[in-house]
K.L.:
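So that we are looking at the same thing, I have put the structure below in structure tokens.
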Amino acid sequence: MSFSCGFVGLPNVGKSTLFNALCRGGAEAANFPFCTIEPNTGIVPVPDDRLEVLAKMENSGRIVPSSLKFIDIAGLVRGASQGQGLGNQFLGHIRAVDAVAHVVRVFNDGDVVHVDGDFDPVNDLETIETELLLSDLEMMEKRRDKAYKLARTNDADAKFEYETILDICKQLADGKVPTYDKENEKVVKVVNSLEMLTLKPSFVCANIGEDQLDCIEDEPKYQKLKAFAAERGMEVIPVCAKLEDELSRLEPEEAKSFMEDLGIKSSGLDRVIQTGYRLLNYITFFTAGPMESRAWTVINGAKAPEAAGKIHTDLQRGFIRMETVSYEDMVSCGSWSAAQTAGKLRIEGKDYVVQDGDVIHVRFSV
């Protein structure tokens, strides 16, 4: 599985509706808090037009896109870090995901109850951030005390870990999302082992109304939300969960026609998937042939044997070389064999860093 992304937000902001549209998962969506108790999980394909182009060129028998896992996590409330609502249980679910999509309400609908009465997307996002921060602080204080005991043995690594955690605790206690030296491999290793909620890659899904599709950029609450999120380095994706849910019930051609009638170029959910994919610094490479054309996912910077291992562990274990054609060269030539004839095929070794869009064939021996 490529990665897991959790939908997080207050109750009744549209998380489950968005999840239903994304995964056709049938998660219950009702107008009262804590409708979702256990997290719902759905596997979705990553949209990539290049895959279909390659399949047509190679007359592939089937198309297999890469996939992502989305999780609908129940609504948090103020005080969740102290166990309010179903707090700690849900915070545990968030800690298990790779990325977080903060779902906030921007739509106007007096019939949908907001947990705080009136709704303000900035306040909602701030509430969730605070609960995640407090949860991290509690966990880091426990880790600090444990690290201190080990540091007293004068072990150099234990002392370094303690000092790093101590600095993080101070920042969290000041109400700040921790910063650290990302160029220092030792620091990065310690921080990654802590699995902090506040440091998970995050973006914002602004759930807008159908009446806001053409004018959302003019909405004051949306503008304030974008400014607030930008200060935290988070991208805001406007999505009309209600409309996306309707689109998900249509056949692909019907949905495409419906979107064209509304003047919508791309599905909001496609943008959600691609944003989550990009957040984790993933790239896509392809295999293409008569049997199938398939998309594969690796972290940007992965070398050839690691990419080969995504296809099968034997390919990594017995890696000899990688034959590679860029997607652009493949398209301009018309096929793999034509690209080979034109001299566009490259022979790459173990140190080759795989590029987004590479179409590959692995030579191996075990």
K.L.:
Between C205 and V272, which heavy-atom pair has the shortest distance, and what is it?
P.N.:
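Scanning both residues completely, I find the closest heavy atoms to be SG-CG2, 3.8 Å.
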K.L.:
State, to 0.1 Å, how close A295 and L51 come at their nearest heavy-atom pair, and which atoms those are.
P.N.:
N-CD1, 3.8 Å
K.L.:
Can R321 and E348 be counted as an ion pair, charged N to O under 4.0 angstrom?
P.N.:
no
K.L.:
Is D181 reaching over with its side chain to a backbone N or O of E183, donor-acceptor style, under 3.5 angstrom?
P.N.:
yes
K.L.:
Below 4.0 angstrom, N of the basic side chain to O of the carboxylate: do D314 and R317 qualify?
P.N.:
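Looking at D314 and R317, the cut-off is met.
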K.L.:
Looking just at side-chain N and O atoms, do E219 and Q212 make a donor-acceptor pair shorter than 3.5 Å?
P.N.:
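Their side chains do contain a donor-acceptor pair, which is all the 3.5 Å distance test asks for.
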K.L.:
Scan for ring pair (Phe, Tyr, Trp, His ring centres under 6.0 Å) pairs involving residues 194-229, sequence neighbours excluded, and state none if there are none.
P.N.:
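The answer is none; no pair qualifies.
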K.L.:
Could you grab the distance from atom CG of L10 to atom CG of N123, nearest 0.5 Å is fine?
P.N.:
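Going from the CG atom of L10 to the CG atom of N123 covers 9.5 Å.
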K.L.:
Say you draw a straight line from OG1 of T198 to CG of L172; how long is it, rounded to the nearest 0.5 Å?
P.N.:
5.5 Å
K.L.:
Starting from F319, walk the hydrophobic network (Ile, Leu, Val, Met, Phe, Trp, Tyr; side-chain heavy atoms closer than 4.5 Å) and list everyone else you reach, by chain and number.
P.N.:
I283, F285, W296, V298, I311, L315, M322, Y352, V354, I360, V362, F364, V366
K.L.:
Could you tell me if D270 and Q274 have a donor-acceptor pair between their side chains, going purely by distance under 3.5 Å?
P.N.:
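Distance-only check fails for Q274 and D270.
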K.L.:
Got more than 12 heavy atoms from elsewhere within 6.0 Å of CD, E185?
P.N.:
no
K.L.:
Quick test of your reading: applying ring pair (Phe, Tyr, Trp, His ring centres under 6.0 Å), list the pairs with at least one residue in residues 138-160, sequence neighbours left out, ordered by first then second residue.
P.N.:
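Residue pairs with at least one partner in residues 138-160: Y148-Y162.
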K.L.:
So which heavy atom on I165 is nearest to which on M140, and how close?
P.N.:
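Looks like CG2-O, 3.8 Å.
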K.L.:
I'd like to know if the side chain of D98 and the backbone of S4 have a donor-acceptor N/O pair within less than 3.5 Å.
P.N.:
yes
K.L.:
Kindly compute the distance separating CD (E52) from CD1 (I63), expressed to the nearest 0.5 Å.
P.N.:
5.0 Å
K.L.:
Ring centres of F70 and F7 under 6.0 Å apart?
P.N.:
yes
K.L.:
Of all residues at least two apart in sequence or in a different chain, which pass the salt bridge (charged side-chain N to carboxylate O under 4.0 Å, His left out) check with E126?
P.N.:
none
K.L.:
Give a yes or no answer on whether the side chain of S135 reaches the backbone of L132 with a donor-acceptor pair at less than 3.5 Å.
P.N.:
no
K.L.:
Closest approach of C215 and D211, non-hydrogen atoms and distance?
P.N.:
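Taking C215 first and D211 second, the nearest heavy atoms are SG-O, 3.6 Å.
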K.L.:
Using the side chain to side chain donor-acceptor pair (under 3.5 Å) criterion, which residues pair with S337? Sequence neighbours excluded.
P.N.:
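Checked S337 against side chain to side chain donor-acceptor pair (under 3.5 Å); matches are S335.
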K.L.:
At their closest point, which heavy atom of I208 faces which heavy atom of F107, and how far apart are they?
P.N.:
C-CB, 3.7 Å
K.L.:
Counting only heavy atoms not in R232, do more than 12 sit closer than 6.0 Å to its CZ atom?
P.N.:
yes
K.L.:
For T153, what residues pass the side chain to side chain donor-acceptor pair (under 3.5 Å) criterion, not counting sequence neighbours?
P.N.:
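Not a single residue meets the side chain to side chain donor-acceptor pair (under 3.5 Å) criterion with T153.
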K.L.:
Quick one: does any side-chain atom of D329 pair with a main-chain N or O of V325 as donor and acceptor, under 3.5 Å?
P.N.:
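No, D329 side chain to V325 backbone: no donor-acceptor pair under 3.5 Å.
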